[in-house]
Undergrad: 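Supplied in structure tokens, the structure appears directly below.
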There are 2 protein chains.
Amino acid sequence: MSRAGAIKPESDHILDRPMGDTDGIDFEIIELLFFAYRDFISDPDAILDTSGFGRAHHRVVHFVNREPGLTVAALLDTLKITKQSLARVLKQLIDSGYIAQVAGPEDRRQRRLYPTERGRELALALARPQSCRIAHAMEGLGDDGRAAVKAFLSGMINPATRGAADDQDDAMEGHER
Amino acid sequence: MSRAGAIKPESDHILDRPMGDTDGIDFEIIELLFFAYRDFISDPDAILDTSGFGRAHHRVVHFVNREPGLTVAALLDTLKITKQSLARVLKQLIDSGYIAQVAGPEDRRQRRLYPTERGRELALALARPQSCRIAHAMEGLGDDGRAAVKAFLSGMINPATRGAADDQDDAMEGHER
DNA sequence: AATTTATGTCAACATAGCTGACATATTCGA
DNA sequence: TCGAATATGTCAGCTATGTTGACATAAATT
């Protein structure tokens, strides 16, 4: 039924020329990023399907393992999702024994999040294929090429976010946010 | 209620050491990719919110503009989603006048997809901030650095996908898939 | 004429995001 | 010390976007 009407829309100003590089836009990198990221997350996705978890769980497990003891607020800030959204997956991860909560030593309102051994194993299992993929993609590159990749990716990140990401080796204890 | 039980799970083997670079895993790039991609799609997301569309629409509009006349089957293959999933957003885009369908000249079962001027404008508007972000991230890099970035991103893509992405300038007419 | 192909469509479901409202425990400031 | 602010949890419902399975139609192929 929608068939007959759609056949010859000659009035609709149809364009048949590809949107190309005449517009000064770097479509190549845009598409490379799309495909690269899609395949990049397909590796952990396959593992997660087995465990009954999803990408949301992946992110939580990852960051809790990267910064044991981080607060719920800090995690929310990193993930940029709502607490209701986090609550769902976090509860499952705690109930399944991948993550444990401990009341904050100073501020006992806080629930600091720690990985269990099980949680650590999962995080590592998820990171491994991604690391392999990265290593493969870096294969042909020299130190300067690798540095360029890091500089590029850093430059893609918003300043506010970048602040947190750059300080990945700092504890930043004392002012969570 | 879940409060009392969660405070002191000393039996649970809690880990307080960050999952670090002792495991031979490149967590830095993993996180850079996560943040970079998140911010990368936040630009078009903001525009799409205005139009009442979402990321799914973005992808469809993008690829139809990049390869006008592509078939539904080819688009499904690029996006790697089901036809039912595509149908929803495609219908909206057609109804709103962003994309037009034309029966295939040779095989009239095909619905070849073309952008309208409106669709082209939307695709460009969505690509522009992404291109700016990329240009900014590339700023400090020389030609070799830029080449390294492209090589890296290409290397991150699965071979099957990479085939299609590499041929982006080919018409590939005659064997859609 | 029968089958395969390209596409569309209906129905039901899952994941993961969202808003809004409200509860509880704890800390902090006046 | 009391009231406000903070950190977190939770209930209820909505949206976007993916999934599977089943079936319909038109056109091409054999």
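Throughout, protein chains are lettered first and strands after them, A, B, ... in sequence-line order, and every chain is numbered starting at 1.
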Undergrad: Could you check B:Ser85 against B:Asp107 and say which one's nearest nucleotide on DNA chain D is further toward the 5' end?
TA: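 In this pair, the answer is B:Ser85.
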Undergrad: Which comes earlier along DNA chain C counting from the 5' end, the contact point of A:Glu106 or that of A:Arg55, where each point is its nearest nucleotide?
TA: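 This one resolves to A:Arg55.
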Undergrad: May I ask you to verify whether the side chain of B:Arg109 and the base of C:dT7 hold a donor-acceptor pair under 3.5 Å?
TA: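 Answer is no: no donor-acceptor pair is held.
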Undergrad: Can you find a donor-acceptor N/O pair under 3.5 angstrom joining the side chain of A:Lys83 to the base of D:dG9?
TA: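 Present.
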Undergrad: Show your working on ring-ring contact (aromatic ring centres under 6.0 Å, His included) between B:Phe63 and A:Phe34 and close with a plain yes or no.
TA: CA-CA 11 Å; B:Phe63 285 109; A:Phe34 170 69; 5.7 Å; yes
Undergrad: Closer to the 5' end of DNA chain C via nearest nucleotide, is it A:Gly54 or B:Leu90?
TA: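 Closer to the 5' end of DNA chain C: B:Leu90.
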Undergrad: Looking at B:Arg88 and D:dG18, is any side-chain donor or acceptor paired with a base atom of the opposite kind under 3.5 Å?
TA: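 Side chain to base: pair present.
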Undergrad: Look at the side chain of B:His57 and decide which nucleotide, out of D:dT17, D:dT8, C:dG17, has an atom nearest to it.
TA: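 So the side chain of B:His57 is nearest to D:dT17.
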Undergrad: Choose from D:dG18, D:dA7, D:dG9 the nucleotide whose nearest atom is closest to any side-chain atom of A:Gln110.
TA: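 Out of D:dG18, D:dA7, D:dG9, the nucleotide with an atom closest to A:Gln110's side chain is D:dA7.
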Undergrad: Could you tell me if the side chain of A:Ser154 sits less than 4.5 Å from the side chain of B:Leu32, heavy atoms only?
TA: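 They are in contact (side-chain heavy atoms under 4.5 Å apart), so the answer is yes.
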Undergrad: Determine: side-chain N/O of A:Arg108 to OP1/OP2 of C:dT26, distance under 4.0 Å, yes or no.
TA: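 Affirmative; the distance criterion is met.
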Undergrad: It should be established whether A:Arg112 places a side-chain nitrogen or oxygen under 4.0 Å from OP1 or OP2 of nucleotide D:dT8.
TA: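 Negative; the distance criterion is not met.
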Undergrad: Regarding A:Arg17 and B:Asn65, do their side chains bring together a donor and an acceptor under 3.5 Å, going by distance alone?
TA: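 B:Asn65 and A:Arg17 do not have a side-chain donor-acceptor pair below 3.5 Å.
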Undergrad: Just compare C:dC18, D:dG9, C:dT9 and give me whichever is closest to any side-chain atom of A:Ile81.
TA: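 Nearest nucleotide to the side chain: C:dC18.
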Undergrad: Looking only at atom types and distance, does a side-chain atom of A:Arg118 sit under 3.5 Å from a main-chain N or O of A:Ile99, one as donor and one as acceptor?
TA: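 Pair absent, no side-chain N/O of A:Arg118 close to backbone of A:Ile99.
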Undergrad: Please report, rounded to the nearest Å, how far the C1' atom of C:dT7 is from the CD atom of B:Gln101.
TA: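 After rounding, the gap between these two atoms is 9 Å.
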Undergrad: If you compare every side-chain N and O of A:Thr82 against the phosphate oxygens of C:dC18 (OP1, OP2), does one of them come in below 4.0 Å?
TA: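 For C:dC18, OP1/OP2 do have a side-chain N/O of A:Thr82 under 4.0 Å.
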Undergrad: What's the verdict on ring-ring contact (aromatic ring centres under 6.0 Å, His included) for A:Phe40 and B:Tyr37, showing C-alpha distance, side-chain angles and the deciding distance?
TA: CA-CA 11 Å; A:Phe40 174 62; B:Tyr37 193 77; 9.5 Å; no
Undergrad: Of the nucleotides C:dT19, D:dG21, D:dT17, which one has an atom closest to the side chain of B:Gln84?
TA: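 When the side chain of B:Gln84 is considered, D:dG21 is the closest of C:dT19, D:dG21, D:dT17.
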